[in-house]
Amino acid sequence: MTPRSGGRTSRERSCGGQEHADGRCRNCTFLYLQTLVFLLKMYILFGVWGRLASLPRPGSSEELFEVSLWPNQTLVEFGQPLMVNCSTTCPEPGPGGIETLLKKTQVDKGPQWKEFLLEDVTENSVLQCFFSCAGIQKDTSLGITVYKFSESPQIWGSSLLEVGVAETVSCELAGVFPAGEVTFHMFLGDQELNPFLSWEGDTAWANATIRAMETGALELSCLVALGLMEQKTRQPVHVYSFPPPVLEIEDSYPLAGTDVNVTCSGHVLSSPSPTIRLQGATDLPAPGDPAWLLLTAREEDDGRNFSCEAFLEVQGRQLIKTAVTQLHVFYEPRLEESSCPSNQTWVEGMEQVLACVPKGNPTPALVCTWNGIIFDPEVPQKAAKNHTGIYCCTATNKLGSVSKDIAIVVEGLEEGISSSIFLIIIAALGVGVITIALYLNYGPCKIKRRRLRYRPKEGKEEESQLAAQQAEKCSPRNC
Ligand SMILES: *[C@@H]1O[C@H](CO)[C@@H](O)[C@H](O)[C@H]1NC(C)=O
Ligand SMILES: *[C@@H]1O[C@H](CO)[C@@H](O)[C@H](O)[C@H]1NC(C)=O
Ligand SMILES: *[C@@H]1O[C@H](CO)[C@@H](O)[C@H](O)[C@H]1NC(C)=O
Ligand SMILES: *[C@@H]1O[C@H](CO)[C@@H](O)[C@H](O)[C@H]1NC(C)=O
Ligand SMILES: *[C@@H]1O[C@H](CO)[C@@H](O)[C@H](O)[C@H]1NC(C)=O
């Protein structure tokens, strides 16, 4: 008896005991019975067969039957169909079948088995195969694992590697499910790499850092696996050696006025030899030849950088390496009017320093004297009238020394302050007058410009070369 036939028979029975004299059910009884029938159908449909015949028939040996499912372990390619065979050892089985969320179609059956086609399998699920035998139901389940693994992995990364330089390469496998379960093995030559794995959606990646230790041709390979399935891909890699060019200055600390030869040549480990271009050199030497530049070192060249580029073509690719070196030119100390003025004004009562920065390489040491007393020019002084006078400063480095007289004039405090206040008041008045004029007129107006007064001592003009030279000679009285 199938569950459906069970429903039909129960309906036949429904009017059995309470059949009306005219052969028809009374309305209320009929509804009541219909509900009962419905509940019974549900009961049966939900497959609780065992409880219908609540007690097993005594003496039955059929409780020993088995239910089995073929295949018993399943990997299904994403979206593909799957055939399953649900069978039992029960000699005369009752209702049986499979329970699944997947779309199923029964394609065949025998007395002790049923074969189903499951379509469009796109996610992992568990299906149940059940049979009842003499009122006892047994079932067995099958886990369905869906996979996608049809594409080949792809290697991303440079096919050109420099010896000793770390590069990142990645191996990507698209269209794979479950992407999080893909394993990767990457090799550079026969050295196994230690990749970092990641995945998103149906793509999995492995990123590895590679560092080739010798030149030549190698192979980068990537092996991906999902369960027992494997795919492999390879990429040829060319390893080159190309250190930066060697940029040298014959004498890296020349004296001002001497000739220096700046040369740049390809590194011996570069192969083949690169072409060299030295910034400032006129001609481009043939590949393998050095480039050079002869110059007379001037003071201004101190700190100047020279740069040199090496060009090499490897596997059709232009590579460039650059070297930079700095020229240091030694020269005697100088006390220039711009950084060490010979006339300086201090304001009485203010903290003041003697402004004097010498030039020279190596950096000169500066010593100043006043009335024969050594005076530290870096320590601020509280300016007093009696600081007025001629100071003598001497700058010295290993190449020589130079001295200069510096006249300091200390101006009275009131004078300084009152003149500043006066200037501020004039400026404020000017701004105020302009603002009021604009405000009153709301239109274009002519404003008489006020001339601000400047004190002549502050308007210092550029010194002529001659004056500067004269100033650098100290008078014997001070130095
Ligand atoms: C299903 O399985 C049963 C029991 O193993 C077997 O006898 C039957 O031939 C199978 N049916 C198909 C279609 O393979
Ligand atoms: C500068 O050095 C290069 C390489 O050492 C040399 O070939 C060249 O003749 C030198 N130039 C001069 C002017 O000495
Ligand atoms: C030369 O290069 C150095 C760093 O390499 C830099 O500090 C310096 O400012 C450069 N000099 C000039 C003149 O550009
Ligand atoms: C410094 O002042 C003196 C006297 O006021 C003047 O003769 C001299 O030319 C000034 N020197 C410079 C460099 O301005
Ligand atoms: C300068 O004058 C101040 C007082 O204004 C005095 O204390 C100080 O000793 C004087 N310095 C010199 C060096 O004469």
Side-chain angles (χ1 to χ4, degrees), residues 65-74 81-93 96-98 104-118 127 129-131 133 138-140 142 244-245 247-249 252-253 262 278-280 295 297-309 322-329 334-346 354-356 359 361 388-393 402-411 455-475 477-478:
F65 77 104
E66 273 173 15
V67 173
S68 54
L69 197 49
W70 182 92
N72 58 8
Q73 205 184 7
T74 320
L82 170 71
M83 293 281 257
V84 292
N85 181 352
C86 174
S87 59
T88 179
T89 54
C90 177
E92 283 176 38
I98 61 172
K104 63 176 181 190
T105 319
Q106 187 174 319
V107 289
D108 202 359
K109 66 171 182 178
Q112 287 175 295
W113 56 270
K114 286 181 181 176
E115 192 180 37
F116 294 89
L117 172 69
L118 304 175
L127 76 82
C129 160
F130 62 86
F131 267 103
C133 190
K138 283 193 179 172
D139 59 32
T140 182
L142 166 72
L247 176 57
E248 286 170 316
I249 301 176
S252 55
Y253 282 85
V262 180
L278 175 61
Q279 178 201 27
L295 77 152
R298 297 161 302 164
E299 282 177 24
E300 313 80 283
D301 292 325
D302 186 39
R304 176 175 164 188
N305 290 328
F306 289 88
S307 81
C308 172
E309 288 170 316
T322 306
V324 176
T325 191
Q326 198 169 26
L327 175 66
H328 302 273
V329 180
R334 282 199 283 134
L335 293 169
E336 288 175 345
E337 210 36 47
S338 59
S339 56
C340 186
S342 44
N343 286 332
Q344 298 182 23
T345 307
W346 289 1
L354 185 72
C356 188
K359 286 198 171 169
N361 189 14
T388 299
I390 308 289
Y391 293 69
C392 179
C393 290
V402 65
S403 297
K404 185 174 184 176
D405 273 354
I406 296 164
I408 301 273
V409 175
V410 181
E411 278 186 351
R455 285 170 27 257
K457 272 175 189 168
E458 285 178 358
K460 216 174 275 172
E461 299 298 323
E462 294 161 33
E463 274 78 31
S464 70
Q465 193 67 34
L466 187 67
Q469 282 171 355
Q470 281 172 341
E472 282 179 19
K473 288 174 194 155
C474 288
S475 61
R477 190 169 50 91
N478 299 299

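All values reported here derive from a predicted model rather than from experimental measurement. Numbering of ligands and ligand atoms starts at 1, following listing order.
Of all atoms in ligand 3, numbered sequentially from 1 with element shown, those under 4.0 Å from a heavy atom of Asn305 are 1 (C), 2 (O), 3 (C), 8 (C), 10 (C), 11 (N), 12 (C), 14 (O). Annotation for ligand 3: atoms under 4.0 Å from non-hydrogen atoms of Gln326 are 1 (C), 11 (N). Less than 4.0 angstrom separates some heavy atom of Gly303 from each of these atoms of ligand 3: 11 (N), 12 (C), 13 (C). Near Glu337, meaning under 4.0 Å from any of its heavy atoms, are these atoms of ligand 4: 13 (C).
Side-chain atoms of Leu278 and Leu247, non-hydrogen and from C-beta on, do get closer than 4.5 Å to each other.
Thr325 and Glu248 share no side-chain donor-acceptor pair at under 3.5 Å.
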Test side chain to side chain contact (heavy atoms under 4.5 Å, CB included) on Leu118 and Ile98 and set out the steps. CA-CA 10 Å; Leu118 304 175; Ile98 61 172; 3.9 Å; yes
From CA spacing to verdict: disulfide (SG to SG under 2.5 Å), Cys340, Cys393: CA-CA 9 Å; Cys340 186; Cys393 290; 5.6 Å; no
Stepwise side chain to side chain contact (heavy atoms under 4.5 Å, CB included) check, Leu69 with Leu127: CA-CA 10 Å; Leu69 197 49; Leu127 76 82; 3.7 Å; yes
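A heavy-atom separation below 4.0 Å is not found between Ala407 and ligand 4.
Between Arg304 and ligand 3, not a single N/O pair is under 3.5 Å apart.
Under a 4.0 Å N-O distance rule, the pair Glu337/Lys404 qualifies as a salt bridge.
Every protein residue with a heavy atom nearer than 4.0 Å to ligand 1 is included here: Asn85, Ser87, Trp113, Glu115.
Relative orientation of the His328 and Tyr253 rings is parallel, given thresholds of 30° and 60° on the angle between their planes.
Not counting sequence neighbours, the partners of Glu309 by the salt bridge (Lys or Arg N to Asp or Glu O under 4.0 Å) test are Arg277.
The backbone N or O of Asp108 lies less than 3.5 Å from no partner atom in the side chain of Glu115, so there is not a single donor-acceptor pair.
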